[in-house]
Amino acid sequence: MTEPRYPNESPEYREARDRLLEEEKALIEQVGRVAELRRQLPPGGRLKEDYQFQWANEGRVGQPVRLSELFGDKPTLLLYNFMYGPGWDKPCLSCTSLMDGFDRTAYQVSQDAAFCGIAKAPAEKINAWARTRGWSQINLVSGFGTNYQADYRCQGKTTKCNCPCCTCSGSGTATSTIFGEPSCRATTSTPSGPTGT
């Protein structure tokens with residue numbers, strides 16, 4: 001046991017805290033090993049198709065755009081699926097928090113890769129929510145009417161949605177790698193209104 005570090009610590013507290021510290025160190029090492037395994041993944045399968053989405057950004061809401069066009073001049077595309085179903089009153093709050101951060105750090109995010117947020121809700125609903133959050137720096141598209149979310153396990157068959165990030169390289173039909181296995185994907189249903197796909 002180490003010496004007490006804070007005023008009035010009990011020996012029991014310090015002993016328990018030291019045990020916790022060892023577990024925390026082990027967890028950090030495990031995270032590092034998992035990250036290395038992720039970096040060593042071989043290329044994934046080629047995209048099933050060059051999906052046609054709809055823009056949800058202000059000024060071009062509803063206009064068609066192919067997945068291949070989302071690359072712009074970058075060799076890599078990060079396509080983040082945030083949980084917002086067509087019948088939902090509002091998106092997942094955790095996803096919204098992440099999207100807030102993506103928008104505020106868009107300059108850094110887009111230095112080496114293109115970034116786009118996608119949801120299953122219609123483009124008009126995504127745009128309306130983006131305006132309430134002040135999202136103005138990142139690309140937003142709707143997958144409504146496409147099979148993208150179903151093909152890449154971004155939504156369940158009933159009321160569940162998932163939030164994997166699809167990393168594509170090369171072009172719209174190039175290799176894609178999906179992060180987020182079924183056992184660790186988040187699922188949600190909205191308490192304030194209809195749920196589902």
Side-chain angles (χ1 to χ4, degrees), residues 27-28 30-32 34-35 37-39 41 44 47 51 53-58 60-61 65 67 70-72 74 76-144 146 148-156 159-169 176-197:
L27 178 60
I28 291 171
Q30 176 66 16
V31 169
V34 171
L37 289 172
R38 183 183 299 117
R39 287 189 291 269
L41 279 173
L47 287 174
Y51 299 91
F53 303 130
Q54 290 186 332
W55 282 114
N57 291 92
E58 195 70 25
R60 47 184 176 174
V61 177
V65 58
L67 188 151
L70 298 177
F71 280 83
K74 298 295 192 296
T76 303
L77 169 67
L78 305 176
L79 193 57
Y80 176 71
N81 187 81
F82 64 103
M83 297 187 286
Y84 192 9
W88 296 19
D89 295 331
K90 56 186 178 182
C92 163
L93 296 182
S94 294
C95 292
T96 294
S97 178
L98 286 172
M99 291 288 287
D100 285 345
F102 294 147
D103 188 77
R104 304 310 187 266
T105 58
Y107 176 79
Q108 287 82 3
V109 171
S110 61
Q111 290 300 293
D112 300 309
F115 178 86
C116 186
I118 182 172
K120 189 65 173 177
E124 294 79 7
K125 293 188 70 171
I126 296 173
N127 176 258
W129 186 253
R131 283 188 278 110
T132 67
R133 304 299 300 184
W135 298 342
S136 60
Q137 305 301 311
I138 54 177
N139 284 331
L140 300 168
V141 296
S142 167
F144 185 75
T146 75
Y148 171 77
Q149 276 91 350
D151 289 343
Y152 287 95
R153 307 299 189 267
C154 303
Q155 70 180 76
T159 62
K160 294 181 178 180
C161 277
N162 303 311
C163 51
C165 182
C166 177
T167 305
C168 309
S169 61
S176 67
T177 303
I178 307 300
F179 294 102
E181 294 301 317
S183 61
C184 63
R185 287 178 182 152
T187 58
T188 187
S189 59
T190 54
S192 55
T195 61
T197 58

Residue pair [X] / [Y]: nearest heavy atoms and the distance that separates them:
X	Y	answer
Pro122	Pro86	CD-CA, 3.9 Å
Ala114	Phe71	CB-O, 3.5 Å
Phe115	Asn139	O-CB, 3.7 Å
Lys120	Gly143	NZ-O, 3.3 Å
Gln111	Lys74	O-CE, 3.4 Å

*Evaluate the side-chain contact (heavy atoms from CB on, under 4.5 Å) criterion for residues Leu70 and Val65: first the C-alpha distance (whole Å), next the side-chain angles of each, then the deciding distance (0.1 Å), finally the verdict.*
CA-CA 8 Å; Leu70 298 177; Val65 58; 3.9 Å; yes

Rounded to the nearest 0.5 Å, what's the gap from [atom1] on [X] to [atom2] on [Y]? Could you check?
X	Y	atom1	atom2	value
Lys90	Thr132	NZ	OG1	10.5 Å
Phe82	Leu140	CZ	CG	6.0 Å
Phe53	Ile118	CZ	CD1	3.5 Å
Ser142	Gln149	OG	CD	7.5 Å
Leu93	Leu98	CG	CG	11.5 Å
Met99	Ile138	CE	CD1	3.5 Å

*Test side-chain contact (heavy atoms from CB on, under 4.5 Å) applied to Trp135 and Thr96, step by step*: CA-CA 10 Å; Trp135 298 342; Thr96 294; 4.1 Å; yes

*Are any of the side-chain heavy atoms of Leu79 and Tyr148 separated by less than 4.5 Å?*
yes

*Hey, does Val141 have a side-chain heavy atom less than 4.5 Å from the side chain of Leu67?*
no

_Side-chain (Asp103) to main-chain (Ser136) donor-acceptor, under 3.5 angstrom_ =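 Looks like yes, one N/O pair under 3.5 Å.
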
_Residue pair Tyr51 / Asp151, side-chain donor-acceptor N/O under 3.5 Å_ =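 Result is yes, a qualifying pair exists.
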
*Among Arg131, Glu124, Lys125, find the one that has a side chain to side chain contact (heavy atoms under 4.5 Å, CB included) with Asn127.*
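Considering Arg131, Glu124, Lys125, a side chain to side chain contact (heavy atoms under 4.5 Å, CB included) with Asn127 is found only for Arg131.
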
